[in-house]
Amino acid sequence: PLIPVQNSWKSSKNSTEVIACKHRLDLLLTLILHDNKHTEAYKATKKEYDGLLKNIKIKNYEDRINSSDNKMKCMWTIAK
């Protein structure tokens, strides 16, 4: 039988580090909408946030592949 696959990396986005970074990003976005002084800080925080999400996603995919019985099929499922 087919088992529905859930994006488990989305639930990992609730880590305290990611939440704190997202909060800083939201604050900086609000600041640059009124004053462009904080544009560089926003760009740096955005890169940091994107990197955190990317690393969480990669780690969860690695865990999913490593725990799979059919690793090749799992990799192709992820690649789709």
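We number each residue from 1, following the sequence as shown. Atoms considered below: every heavy atom in the structure, side chains included; atoms not considered: hydrogens, waters and symmetry mates.
Atoms CD and NZ, from Glu62 and Lys57 in turn, are 13.5 Å apart once rounded to the nearest 0.5 Å. With values rounded to the nearest 0.5 angstrom, Leu25 atom CG is found 13.5 Å from Lys43 atom NZ. Of the inter-residue distances, the one linking Thr45 atom OG1 with Glu40 atom CD reads 11.0 Å to the nearest 0.5 angstrom. Atoms CD and CD, from Glu48 and Glu17 in turn, are 7.0 Å apart once rounded to the nearest 0.5 Å. Atom-to-atom distance recorded for Asn60:CG and Asn55:CG is 11.0 Å, nearest 0.5 angstrom. With rounding to the nearest 0.5 angstrom, the NZ atom of Lys59 is 4.0 Å from the CG atom of Asp63.
When all heavy atoms of Leu53 and Val18 are compared, the closest pair comes out as CD2-CG1, 4.0 Å. Ile56 and Ser15 get closest at one heavy-atom pair: CD1-OG, 4.4 Å. Scanning all heavy atoms of the two residues, the minimum distance from Arg64 to Thr77 falls at NH2-CG2, 3.7 Å.
Both Ile78 and Met75 are part of a single hydrophobic cluster, where members link through side-chain heavy atoms under 4.5 Å apart.
For the pairing with His23, the side chain to side chain contact (heavy atoms under 4.5 Å, CB included) check across Asp26, Ile19, Leu27 returns one residue only, Leu27.
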